[in-house]
Undergrad: 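After the structure tokens below, expect a handful of questions from me.
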There are 2 protein chains.
Amino acid sequence: MVTKADILERVKRRGERVTLPRLAVIEALCALNSHQTAQSIQQHLAGQQIDLEESTVYRVLQWLKDLGIVAQTDLGQSGITYEVVSTPPHHHLVCLVCGQIQDVDDSVLEPLRRHLRADYAFEPRIDHMAFFGICCRCRSAGSVDREDAESLPPR
Amino acid sequence: MVTKADILERVKRRGERVTLPRLAVIEALCALNSHQTAQSIQQHLAGQQIDLEESTVYRVLQWLKDLGIVAQTDLGQSGITYEVVSTPPHHHLVCLVCGQIQDVDDSVLEPLRRHLRADYAFEPRIDHMAFFGICCRCRSAGSVDREDAESLPPR
DNA sequence: CTACATGCAAATCCTTTGCATCCAC
DNA sequence: GTGGATGCAAAGGATTTGCATGTAG
């Protein structure tokens with residue numbers, strides 16, 4: 001778990017300026033779960049009487065991304081989401097039925113990486129991936145059986 | 001390889017109307033490689049003196065998707081891309097350096113699917129995936145070594 | 001003091017929608 | 001003929017950008 005202090009230290013060590021909007025976005029990213037959009041961050045801060053311009057949020061997020069502190073993922077549903085890069089890397093299972101997002105360990109991708117390197121001479125950089133499917137709860141809820149699942153759209 | 005005639009037959013069998021814009025988009029999708037955007041399809045057709053409204057292209061693509069004839073993928077770079085659903089399913093390796101897109105067989109994902117089912121009780125629907133990394137040509141070109149690759153953004 | 005970050009507004013890009021007209025069946 | 005598809009224009013949402021101002025260092 002990366003804390004606000006961790007990030008601030010890294011930022012300062014690089015000689016970057018620390019401003020209120022930057023502090024606020026960093027704090028929001030640490031306080032909230034992963035997969036925040038620019039909007040959700042802005043709203044979270046607005047709830048604390050910190051009102052930032054949307055463009056500012058985007059600029060701060062871009063800046064944090066350039067510094068390698070946050071990662072972008074396109075979950076394909078509601079725009080681009082951001083989250084603090086944590087060690088170790090992980091990935092996400094997005095349920096097509098209920099929208100629930102579950103984290104999975106990076107190790108699930110090792111076999112795939114080996115395969116791509118060996119058979120395709122491709123050096124994968126799979127930092128942060130989203131896989132779609134049906135989560136255990138929706139499967140057992142019976143609202144969606146295997147047949148229905150098959151007819152769901154790809155995303 | 002799915003041909004224009006194949007698609008037309010399927011469309012007619014379902015009692016759907018065949019119009020010039022629909023014909024044109026189907027033709028373009030068959031003629032072009034995978035991963036076309038609404039724009040690239042429109043431009044391709046414009047080059048043949050077939051000028052379609054952008055909204056029409058979107059509507060035809062949506063329609064083809066609803067019929068299960070084309071699939072959408074968000075390659076994360078330049079908006080949503082479309083391609084004719086072919087059997088068997090396949091996935092894509094997108095080079096972060098040169099942008100080249102290479103197809104990979106669906107079988108590379110089997111170990112991952114097994115893993116997700118067994119360890120996460122998650123029923124994956126990974127129909128069409130894009131993986132980012134460095135392709136063999138860019139690796140051997142030496143323009144990018146492993147170190148540089150590490151500093152590349154996730155996407 | 002100076003470079004850089006911010007707020008504001010406008011622009012841009014991609015995609016969708018409403019509506020009158022047109023055409024495939 | 002009629003329902004559904006199209007063109008056109010306008011709306012929509014997410015993200016970016018230009019510029020004057022403000023502020024961290």
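Lettering follows sequence order; numbering is per chain, from 1. Since the structure is predicted, the reported quantities are computational estimates derived from the model, not experimental observations.
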Undergrad: Given side chains that start at C-beta, do those of Val108(A) and Tyr120(B) come closer than 4.5 Å, heavy atoms only?
TA: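 Yes; the side chains approach each other to less than 4.5 Å.
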Undergrad: Please report how far the helix from dC1(C)-dG25(D) to dC25(C)-dG1(D) bends, comparing the axis fitted to its first five pairs with the axis fitted to its last five, to the nearest 10 degrees.
TA: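 Terminal axis comparison yields 30°.
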Undergrad: When you measure from the side chain of Arg113(A) to the backbone N and O of Pro124(A), does any donor-acceptor pair fall under 3.5 Å?
TA: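 No; zero donor-acceptor contacts below 3.5 Å.
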Undergrad: Atom NZ of Lys65(B) and atom C1' of dT16(C): how far apart are they, to the nearest Å?
TA: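 Interatomic distance, NZ of Lys65(B) to C1' of dT16(C): 13 Å.
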Undergrad: Going by atom types alone, do His91(B) and Asp103(B) pair a side-chain donor with an acceptor below 3.5 Å?
TA: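 The criterion, which ignores hydrogens and geometry beyond distance, is not satisfied for Asp103(B) and His91(B).
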Undergrad: Does Tyr58(A) make a side-chain N or O approach to OP1 or OP2 of dT15(D) shorter than 4.0 Å?
TA: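 Yes, such a contact exists.
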Undergrad: What I'd like to find out is whether the side chain of Tyr58(B) reaches to under 4.5 Å of the side chain of Ile80(B), using heavy atoms alone.
TA: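 Answer no - side chains too far apart.
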Undergrad: So do Val11(A) and Ile69(A) actually touch side chain to side chain, heavy atoms under 4.5 Å?
TA: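 They are in contact (side-chain heavy atoms under 4.5 Å apart), so the answer is yes.
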Undergrad: Scan for salt bridge (charged side-chain N to carboxylate O under 4.0 Å, His left out) pairs involving residues 24-47 of chain B, sequence neighbours excluded, and state none if there are none.
TA: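 Matches after skipping sequence neighbours: Lys4(B)-Glu27(B).
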Undergrad: Is the backbone of Leu52(B) close enough, under 3.5 Å, to the side chain of Gln42(B) for a donor and an acceptor to pair up by distance?
TA: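 Answer holds: yes.
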Undergrad: Students often mix this up, so state it plainly: with edges at 30° and 60°, are the rings of Phe131(B) and Phe131(A) parallel, tilted or perpendicular?
TA: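 Correct class here is tilted.
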Undergrad: Could you give the CD-to-P distance, from Gln42(B) to dT16(C), as a whole number of Å?
TA: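 That distance rounds to 14 Å.
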Undergrad: Rounding to an integer number of Å, can you tell me how far Asp66(A) CG sits from dC4(C) C1'?
TA: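 These atoms are roughly 15 Å apart.
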Undergrad: Starting from P on dT6(C), measure out to CG on Leu45(A) and report it in whole angstrom.
TA: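 Checked: the CG to P distance equals 13 Å.
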Undergrad: At under 4.0 Å between heavy atoms, how does the protein contact nucleotides 20-25 of chain D? Give one character per nucleotide, 5' to 3', with B, S or -.
TA: ----BS
Undergrad: Please list each protein N or O that sits under 3.5 Å from an N or O in nucleotides 7-12 of chain D, with the distance.
TA:
| from | atom 1 | to | atom 2 | distance (Å) |
| --- | --- | --- | --- | --- |
| dG7(D) | OP2 | Thr56(B) | OG1 | 2.6 |
| dG7(D) | N7 | Arg59(B) | NH2 | 3.1 |
| dG7(D) | O6 | Arg59(B) | NH2 | 3.2 |
| dC8(D) | N4 | Arg59(B) | NH2 | 3.4 |

Undergrad: Counting distance only, does the side-chain N/O of Ser40(B) pair as donor-acceptor with the main-chain N or O of Gln36(B) below 3.5 Å?
TA: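 Not at all, since once roles are kept as given, no pair shorter than 3.5 Å links the two residues.
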Undergrad: Show the distances under 3.5 angstrom between N or O atoms of the protein and N or O atoms of nucleotides 10-13 of chain C.
TA:
none

Undergrad: Could you tell me the separation between the CG atom of Leu61(A) and the P atom of dT6(C), rounded to a whole number of Å?
TA: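 Rounded to whole Å, this separation is 11 Å.
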Undergrad: Taking all heavy atoms of Leu45(B) and all of Ala24(B), pick out the closest pair and write down the distance.
TA: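 Reported closest heavy-atom pair: CD2-O, 3.6 Å.
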Undergrad: So Gln102(B) and Arg137(B), do their side chains get closer than 4.5 Å, heavy atoms only?
TA: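 No, every pair of side-chain atoms sits at 4.5 Å or beyond.
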Undergrad: Write down the distance between CH2 (Trp63(B)) and P (dT16(C)), rounded to a whole number of angstrom.
TA: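 Atom-to-atom, Trp63(B) to dT16(C), this comes out as 17 Å.
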Undergrad: Measure the spacing between CG of Leu23(B) and CD1 of Ile7(B) and express it to the nearest 0.5 Å.
TA: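 Here the interatomic distance stands at 10.5 Å.
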Undergrad: Sequence neighbours left out, what passes side-chain contact (heavy atoms from CB on, under 4.5 Å) with Leu20(A)? Give chain and number order.
TA: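 By the side-chain contact (heavy atoms from CB on, under 4.5 Å) rule, Leu20(A) matches no residue at all.
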Undergrad: Are Thr81(A) and His92(A) packed together at the side-chain level, in the sense that at least one heavy-atom pair is separated by less than 4.5 angstrom?
TA: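 Heavy-atom side-chain distance check fails, nothing below 4.5 Å.
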Undergrad: Would you mind reading off the distance between Arg22(A) atom CZ and dG7(C) atom P, rounded to a whole angstrom?
TA: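 Answer to the nearest Å: 11 Å.
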Undergrad: Rounding to a whole Å, what distance do you find between Leu64(A):CG and dA5(C):C1'?
TA: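 Spelled out: CG on Leu64(A) to C1' on dA5(C) is 13 Å.
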